[in-house]
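Below: the structure, in structure tokens.
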There are 2 protein chains.
Amino acid sequence: MPVQDRQIEERLAEAGVRYTAGRRHVVSALERVDGPLSAAELHLEMGGAVPVSSVYRTLAVLEEAGVVEPHHGARGITRYEMAEWLAGHHHHLVCIECGAVEDIELPAPLEVELERLVGQVSSWASFSAGGHSLEVDGRCARCR
Amino acid sequence: MPVQDRQIEERLAEAGVRYTAGRRHVVSALERVDGPLSAAELHLEMGGAVPVSSVYRTLAVLEEAGVVEPHHGARGITRYEMAEWLAGHHHHLVCIECGAVEDIELPAPLEVELERLVGQVSSWASFSAGGHSLEVDGRCARCR
DNA sequence: GCCTATAATGAGAATCATTATCAACAAGCC
DNA sequence: GGCTTGTTGATAATGATTCTCATTATAGGC
């Protein structure tokens, strides 16, 4: 229904896959919550509507199509959130205790500097730079 | 022998643990290579001298004592490198393909800006900020 | 509407990094 | 020497993730 959904459907079509009910479920759960969610958390968030096994597969498909982005955290847990072009560019506060992640936006001037830097990095190193993300590590309110 | 080793020994003593041969092995392997290493990679780097099981335990001890820092990557793999106070502050190029990590240093002016920002963040969010790290994602030379 | 080819799903087994367990061992101390 | 406590190595257990495969849904062509 929302504009986003159209864009997602298109993106999936380009990738040659369907935008099925299960996949819509996962996407809308990710849109509902802000901050990345793991497969298990998504499974819960959807009240068990989609089995864990399918959540994993769906996330892989969505990642492949560039609809979601992974974020690797402590204890081998991978959390996903809507890709930058859908959710906007932002950075993360990561709790070193429980792995929870909060989104933050940088003041425009600093963001501009970062952009410029990332551009330079690409030429220094033999490295084709894509995105960038600033992670601030610390302890969240609950773990303090 | 090097100054570093003294500092590490002290740090471990403060934590109430010994700086044993196995632990020295792991530390020197981490110092030898630049960029973070996983338990398995360390095991190899040391030619199997220290069994994997002990590598994991050693890394946990070293992390607890603040001698090394973890870096969580794709496929649930955690890589470790010498802590900031031993290796200097730096940032990472992360290959989204193979998970390899290269270290980079930021130009001083940008680093200063970052420091300032991280300080502010701590007050905005109910979050006690510790370190920060900028991750630039892309494809490394080998995976290109 | 009905078939068929193909994509997608669910349940459970398999994999792989990591963690815990526990018996054997070493270091420091009386 | 014996005691206490920290450390190690081998192996079993755990937990997130991936794979497999039989079943089900979907899109097109008729």
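Letters A, B, ... are given to chains in the order of the sequence lines, protein chains preceding strands, and every chain is numbered from 1. Atom set for the values below is all heavy atoms of this structure, side chains included, hydrogens, waters and symmetry mates excluded.
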Exercise. Looking at I77(A), V55(A), L59(A), L44(A), which hits side-chain contact (heavy atoms from CB on, under 4.5 Å) with S38(A)?
Worked result: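 Testing S38(A) for a side-chain contact (heavy atoms from CB on, under 4.5 Å) against I77(A), V55(A), L59(A), L44(A) leaves exactly one candidate, I77(A).
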In this structure, how many angstroms lie between the [atom2] atom of [N] and the [atom1] atom of [X], rounded?
{"X": "L62(A)", "N": "dT9(C)", "atom1": "CG", "atom2": "P", "answer": "10 Å"}
{"X": "E64(B)", "N": "dG6(D)", "atom1": "CD", "atom2": "P", "answer": "15 Å"}
{"X": "L59(B)", "N": "dT8(D)", "atom1": "CG", "atom2": "P", "answer": "12 Å"}
{"X": "L37(A)", "N": "dA16(D)", "atom1": "CG", "atom2": "P", "answer": "15 Å"}
{"X": "M46(B)", "N": "dG9(D)", "atom1": "CE", "atom2": "P", "answer": "10 Å"}
{"X": "Y19(B)", "N": "dG28(C)", "atom1": "OH", "atom2": "P", "answer": "16 Å"}
{"X": "R24(B)", "N": "dA27(C)", "atom1": "CZ", "atom2": "C1'", "answer": "14 Å"}
{"X": "H43(A)", "N": "dA16(D)", "atom1": "NE2", "atom2": "P", "answer": "12 Å"}

For this session: Looking at every strand, decide which applies to V17(A) at a 4.0 Å heavy-atom threshold: base, sugar-phosphate, or nothing.
Result: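 It contacts sugar-phosphate atoms only.
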Exercise. What does S38(B) touch in the nucleic acid at a heavy-atom separation under 4.0 angstrom: a base, only the sugar-phosphate, or nothing?
Worked result: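 The answer is nothing, as S38(B) stays clear of every strand by at least 4.0 Å.
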Is the phosphate of [N] approached by [X] (side-chain N or O, under 4.0 Å from OP1 or OP2)?
{"X": "R23(B)", "N": "dT8(D)", "answer": "yes"}
{"X": "Y56(A)", "N": "dT17(D)", "answer": "yes"}
{"X": "T78(A)", "N": "dA16(D)", "answer": "no"}
{"X": "T20(A)", "N": "dT9(C)", "answer": "yes"}
{"X": "S54(A)", "N": "dT9(C)", "answer": "no"}

Problem set entry | Residue V50(B), side-chain atoms from C-beta onward, closest of dA11(C), dG9(D), dA16(D) |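 Selected nucleotide (nearest to the side chain): dG9(D).
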Problem set entry | Closest listed nucleotide, where the reference is the side chain of I77(B) and the choices are dA17(C), dG6(D), dT6(C) |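 So the nucleotide nearest the side chain must be dA17(C).
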Exercise. Using 4.0 Å as the upper bound for N to carboxylate O, is an ion pair formed by E9(A) and R24(A)?
Worked result: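 Between E9(A) and R24(A) there is a salt bridge, with a charged N closer than 4.0 Å to a carboxylate O.
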For this session: Could you pick out which residue, R57(B) or Y80(A), lies toward the 5' side of DNA chain D when each is mapped onto its nearest nucleotide?
Result: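 Of the two residues, R57(B) wins.
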Exercise. Toward the 5' end of DNA chain D, which comes first, S53(B) or R75(B), by nearest nucleotide?
Worked result: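 This one resolves to S53(B).
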For this session: Flag the pair H71(B) / H72(A) as yes when their ring centroid distance falls below 6.0 Å, and as no otherwise.
Result: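 Aromatic pair excluded; centres sit 6.0 Å or further apart.
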Exercise. Is it true that the side chains of H89(B) and E111(B) contain a donor and an acceptor less than 3.5 Å apart?
Worked result: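 Present: a donor and an acceptor within the cut-off.
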For this session: Scan E81(B), E105(B), E84(B) and name whichever one has a side chain to side chain donor-acceptor pair (under 3.5 Å) with H90(B).
Result: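 Per the side chain to side chain donor-acceptor pair (under 3.5 Å) rule, the option paired with H90(B) is E81(B), out of E81(B), E105(B), E84(B).
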